[in-house]
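What follows is a single structure, written as structure tokens, with notes after it.
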Amino acid sequence: MAKKKTADTQVAIVGAGIAGLEAARQLVRLGYDPVILEKSDRIGGHVADWHCLFPDMTPASRLLDDLTDATHDLRVICRANIVSAGRLGDGYNLLLQDGTSIHVRAILVATGFSLFEAEKKEEYGYGVYDKVMTNADLEHWFNTGIDARITGQDVRRIGFVHCVGSRDVKAGNAQCSKVCCITAIKQAIEMKEKFPEAEIWCFYMDLRLFGKKYEDFYIGAQRDYGIHFIRGRVSEVSENIDGKVIVKAEDTLCGKPVKVTLDLLVLMAGMVCNRDNHPLAQALGLGIDEDGYFRSKDNIASITASDRKGIFYAGAATGPKTVPETLAEARSAALDIHAYLSAQ
Amino acid sequence: MIYQGKQKIWSDYQKEIPSDHWFYVRSCIRQSFFPGSEKWFLGICRDMLGHDIHETEHHTTCGGIAYHCDVIPQETAMTIVARQFSLMTEAGYKNLVASCITSFGNYIETLETWREFPELEAKVRENLWKACKREFERPEYVAHASDLIYKYRGEIAERAKYRLVNHETGEPLRVVEHIGCHYSKMFPHKGVGGAEYPCVLSGMAEAWGGQIIDYPERRHCCGFGFRQYLVKANRGYSMSNTHKKFESMEPYHPDVIITNCPGCPYFLDRWQYVISEQTGKTYGQNGFGIPVLTYEELAGLVLGIDPWDLGLQIHQVAVEPLLDKMGIEYDPKAKYLGLNEKDIMKPGLPTVLRCC
Amino acid sequence: MMDFGFSLAPSSAINLDTVDLSRYRKLLELEPDARICMGCGSCSATCTAAPFSGMSVRKVILGLQRGQDREVDRMLSACMLCGKCTMVCPRGINTRHLILSLCRICADGTHKEREDGR
Amino acid sequence: MIERIPGAFHPFVLPFVFGMVFVLGYCLIGMVRIFFELPREDRRRFLISLVTPKTAWKNIRDIFLNCLIHVNLWKRNRVLGYMHSSIAFGWFMLILLGHVEVMLFLPHRVRFFYYPIFFNFFVAEADATIQGQVLMFLMDFFLLMVLSGIILAIIKRFRSRVFGMRRTTRPSFLDRVGLYSLWAIFPLRLLAETFTAHISGGSFLTEPAGQLFHRFISNDMHVLPTWWAYSIALGIFMVVLPFTRYMHIPAEMLLIPMRNAGIKVRHPRKGFAKLEYYSCPNCGVCIDACPMSARKENLKDCTVYLNRQLRRGNELRIEQISDKCLLCGKCTAVCQVGVQGPELRIAQRERRAFALAPDYGGIDVAPMKAAVAGKPARVLYFAGCMTALTPSIRKATETLLQAAGIDWQQMDPDGGLCCGRPLMMAGRKEQAEQLIRKNVEIIRASGCDTLLVTCPICYRVFKESYPLEGIRVVHHSVFFEELIRDGRLPVEYTSGSYVYHDPCELGRGCGIYEEPRAALRRMGVLHEAGKHHAESICCGGSLGSLTLGFEKRKDITLNALKNLTVNGPETIVTACPLCLNTFGRYADRPVEDLAEVLVKHLKTPTI
């Protein structure tokens, strides 16, 4: 049921992360010629920085390659900044910072999330202590092998702090980021494989392992990799004279404070709403929830619909999502757009 | 430790401290523990640097000790605070500077509480009026005395006679800074540099040539804990906290500890003696302890004020090793000579801790 | 030593740097499944001995990893080996054998009273 | 018959004589040692039993029926039965008749114990008498019988499946030496007697065979070598016997009277235990019977291997085998000798050193005593730990007690002390006794005359180890069956079909098989499982096993379920909370406790 491509059936996709790219791929299949607006200078979003994806340890690059191959011929405008948007006819006119004006009949907001700035949790010393890094830094190291914080083979004790900037009212984000528990376990296993002699501790508040194969990951981490799990939030991190980090937490299951000296501490920085949501919401006239994510028309039946006609959402623009959820939502949004445009 | 990382955090916690016209409120206990400190605060800020700092003899306790010992309710504490504000209003000042960290915390806590619950402020105004027919304006700015010295650290550095540098080796002295808990742990934005890496004292030490040590237990409380110390049965717990700090800083071989709280220097100083008696362990070089100074005393030393005029002979831990390192000239014989060369008597010596 | 009427209090914190895990490691040789405990507490909830003693297999497994040997022994000596904990364990840990193995590990002389760092 | 060899001696008898003296000496010393390893009261009991006519007669009968005729084996497998009894009984008869011959013809040679064995060598047939002919006929007949058994044994060795045995043990090197020498004895005897048949006479077997041989070989040069070979085969067999599985032959002859005297395993390695594991014939029947054999990795953990390792003193394996076992008792039920696998294992577990011994001294039973004493009732119901996890049993039991108008109260409404049986099974007898003392206090405080239990594990220990004189300990299956019979629990017959699973502790443990079946027959069609009663298959959940993990028990349970459902029952019924829990996990059809079934069939009283 491919439709004939016409100039005014154009759809603008804001954000060239996996949600935007997947939606673009589906829209192309449906016969549209979407334009992708990306604020940074490259496509792929956060997944482009990731090494492997749980639960099957699929290389992130494979997913991205598939997506970029399928959207290869599309027009992607990088470093795009939507200055204003106005209703024009049955569509919208988007004005970019460089004066480019794009007329589209539907907009897909796939702006994703921002990674919580771990520096904000000052007590964890990210950016201050030599051996504290984030989950994103670790993925970068998996990809490139370059990080001053991991030197040589002498990494014998590693800690993972779950919920950094998630479920933390003081850090301005009360939401669970959904993926950090399983990411921590994934990364802990990867580290154990790289440093088999290492002892690894995961400090968690709750383990939220809801997805397919996640529990297997958890049991595997315990049984096969001997990773230790301590139920308790890290309260403070210090640095000792050797530059190692001393982590203090309460083992809430034991009811006692614990202290451990580590060679490396990985902070599982959570997902927070995209910092640029606000200006975009203002430009497009969209609602923002208290958590800073875009407000869907309905959180059960129409997550991908906005309050405004012709504007749709996909992926983490509306809240923390896993990769498969994001992809599914992107496909769903593409169908919604198709239905919307076909009905006009 | 990545210094730039700390600076980045400090930049988030800078206060615009007014440069002049302060109403000074003293501490209950500092005058007896470290009698030179408050005297020289005024001496330095008012007389040397020429700032307008006013104090009144009508000032009383802020109620902090009683409040933190669970002896009086918060409403009472707030009413006492309101009276201090009324004294300030009466004297025509808008900026309050407290000598005591607990007072500072108490003032800030009171103001923040009133901000959240205005009805409490109304109640306290009523209480104050009923009690002593007084009225007050809220201070525009509340600072701690160390904030002021921090602000004037550059001016002091310009007039410095000595620097925090080992005059023989030229190496910077290793300085441990200890911030009173009530300074910024309750309201990080009210302290210079926040709660995790406060820079109010480290800023002074660095401005005067010293090198700050970040040891693992730097955040830890000195152990005073009000109730913990005041009840004798709990004193071991109080001391254990201090002990934990010393054990943690020991590997860094600090030359001096500076503090900005009335209780902390007292406990960090006196417990060194008790710990040495109980465990046989001392933390300084050659059997000495680590000298513990208030920021005013340190400023005084840097400015070349005679150590015995600063009251350093009142300290349990001998300060002479520090004076020697800084190259400060002093008369050992004058150590126990008081006003008008009156002999204030040399105390008995501890069995373990070396004091002379 | 001078008597001040008070003295340094031992730390209640568990120092994972100094905790003696030899018993736990020995246990893992005999009962590797001790690793997969997720601390759900089913065992403690169903325990026949618990109402009389505070016995908890969950705490035993945890205590071993945190060097709480004294507490572990106290709990172990309350176990009646009824096996209900094994029946309810969602992870299928052979808790009954775990307890028996632990009782034996002490016999091998590896048992040391050890509290954090002292 | 006249003596052919003057002096009644020839050097070829020496191997036999040496072997015989060795084995007799060895066994005698062994018997004495075992006797003195028994505790003093057991020794007394044994001696008294030997002179008590009733047990003495029983001993003779049991030894004859079991050791010679192998009646139990006949019942199980006729071919195997025949094989064993033909060898054992045939051989026995050869020896007996040999002696008869000697006594009949050369009574002065009786004192040469080798004489009857090599009778045909030493004598020449002077005149054919009827007696002689009959004896010679019998000798040939029993020799043929033994030979037929040996042929079967050889076939069994290589094709055990023909005899219905799926798995059997692998003989050790010495076992093989013993086996081959045993196989060789009788063909060699046949040869020897055949070659001497023309001198010493023979019957239907040896005589024609002798004549046949003489057609090819006319001189007697080969006569002596065959007698040598026969003697050597006997000698080798006797010498290796104490170190092979054939030790079971003499050991069993002592085991039977000791068991009849009521002696039990008290020490893991000494006395009766030693006798038990020496009595194991290594036949391997227990391998197929063992429920753990559902998993291949457990094949070497059944009782026959325990016995073998006990003899070898392989401590590591002894511990592994002892700890893994479910203690279901199936091996004992199928064992021809009756080796008590579970008891032997518990004894090994008891031997283990534990630095940490539980101590229940701190448990205050006063509140529990006060609670039961507060409302005395005739029947005290002890639900037990396991029943707390299967509340359906407790509820059904309560309903039935109510319906029957029983004056009852529960002993452990808020959870009580453990009965102690799990501790016993783990080999921690002293600790179990602490719990027993405390529970007895509570039971006594209640003033009950009947202690009702729904858990066979508790039932067994209450029965066996609790000093509860004057109080009837009864399992609910028995108790409710009685009430049904007395008409106090009217039940309806419906179209349902059931299979009853015998819980190990209730069936093999306490001998209760029929009452639950009788109760079920009143409510519907009762099917039997493939293996049932004493040979029922453990559910796999048993507390007996210390080391079997959750995953590894699954196959055992599935195998037991397969056995239960061969006749297609709608519902699996058991009478044990642990079986219920275990089967419930994997069963493809409802699994219910007898009490639950009863409640469903309870006739509502018509008013």
Side-chain angles (χ1 to χ4, degrees), chain C residues 23 26-27 29-34 36 42-43 45-55 60 64 69-113, chain D residues 319 323-324 349 352-365 367-368 384-390 412 414-428 431-432 434-435 438 455 457-458 541-554 577-578 581-582 585:
Chain C
R23 251 175 112 189
K26 263 212 158 91
L27 174 70
E29 284 168 24
L30 296 167
E31 200 54 59
D33 277 355
I36 60 171
S42 304
C43 47
T46 197
C47 179
T48 302
F52 307 106
S53 61
M55 166 65 181
V60 163
L64 272 181
D69 287 4
R70 197 190 307 238
E71 183 64 5
V72 165
D73 288 356
R74 197 187 59 71
M75 287 192 282
L76 283 177
S77 62
C79 171
M80 299 179 185
L81 288 180
C82 74
K84 270 166 87 186
C85 47
T86 312
M87 285 172 75
V88 298
C89 177
R91 285 264 171 104
I93 303 172
N94 191 348
T95 47
R96 189 159 168 261
H97 186 241
L98 187 146
I99 293 166
L100 270 172
S101 302
L102 271 174
C103 289
R104 291 186 71 193
I105 289 168
C106 311
D108 298 345
T110 53
H111 174 220
K112 272 179 270 164
E113 283 295 345
Chain D
E319 185 178 319
D323 286 4
K324 208 186 231 185
R349 295 176 185 182
R352 205 149 299 155
F354 288 100
L356 203 98
D359 181 16
Y360 313 114
I363 298 174
D364 180 17
V365 290
M368 286 182 273
C385 313
M386 293 297 165
T387 312
L389 287 178
T390 48
D412 53 350
D414 306 314
L417 296 173
C418 175
C419 63
R421 175 73 184 152
L423 279 164
M424 289 240 181
M425 292 207 260
R428 312 207 73 174
Q431 279 75 36
Q434 278 190 27
L435 289 179
K438 288 191 185 274
C455 172
I457 305 167
C458 309
S542 168
L543 286 173
S545 174
L546 303 177
T547 51
L548 272 182
F550 175 72
E551 280 302 315
K552 303 200 165 174
R553 291 175 187 252
K554 186 178 174 182
L578 190 49
N581 188 299
T582 312
R585 198 172 295 134

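Note on naming: letters A, B, ... go to the chains in the order of the sequence lines (proteins, then strands), and numbering restarts at 1 for each one. Heavy atoms only: backbone and side chains are in, while hydrogens, waters and symmetry mates are out. Remember, it's a predicted structure, so these values are computed and weren't measured experimentally.
Within the 4.5 Å cutoff, side-chain heavy atoms of D:Leu389 are placed close to those of C:Val88. Using a 4.5 Å cut-off on side-chain heavy atoms (C-beta onward), D:Leu578 and C:Met87 make contact.
Although no hydrogens or angles enter the test, the distance criterion places a donor-acceptor pair under 3.5 Å between the side chain of D:Tyr360 and the main chain of C:Cys79.
Using a 4.5 Å cut-off between heavy atoms, D:Ser545 touches chain C through its backbone atoms (N, CA, C, O) alone. If you measure heavy-atom distances from C:Thr46 to chain D, the contacts under 4.5 Å come from the side chain alone. For D:Met368, the part lying near chain C is the side chain, with the backbone staying farther off; criterion is any non-hydrogen pair under 4.5 Å.
Take D:Arg352 and apply the salt bridge (charged side-chain N to carboxylate O under 4.0 Å, His left out) test, not counting sequence neighbours, and it matches D:Asp323.
Note that CG of D:Leu543 and CZ of C:Arg96 are 4.5 Å apart. Values are rounded to the nearest 0.5 Å. In this structure, SG in C:Cys82 is found 11.0 Å from CG in D:Leu417, a value given to the nearest 0.5 Å. The line from CD1 of D:Ile363 to OG of C:Ser53 is 6.5 Å long, rounded to the nearest 0.5 Å. Here the CZ atom belonging to D:Arg428 is positioned 6.5 Å from the CG atom belonging to C:Leu100, to the nearest 0.5 angstrom. The CZ atom of D:Phe354 sits 8.0 Å away from the OG atom of C:Ser101 when rounded to the nearest 0.5 Å. Taking CZ of C:Arg74 as the start and CG of D:Leu356 as the end, the distance is 12.0 Å to the nearest 0.5 Å.
Within 6.0 Å of the NZ atom in D:Lys552, the count of heavy atoms belonging to other residues, nucleotides or ligands does not exceed 12.
With chain C as partner, the option from D:Asp359, D:Leu435, D:Ile457, D:Thr547 having the largest number of non-hydrogen pairs under 4.5 angstrom is D:Thr547. For the set D:Cys385, D:Cys419, D:Cys418, the count of heavy-atom pairs under 4.5 angstrom toward chain C peaks at D:Cys385. Between chain D and the residues C:Ala78, C:Pro51, C:Cys89, the largest count of heavy-atom pairs under 4.5 Å involves C:Ala78.
When every heavy atom of C:Lys84 is checked against every heavy atom of D:Ala388, the shortest pair comes out as NZ-CB, 3.7 Å.
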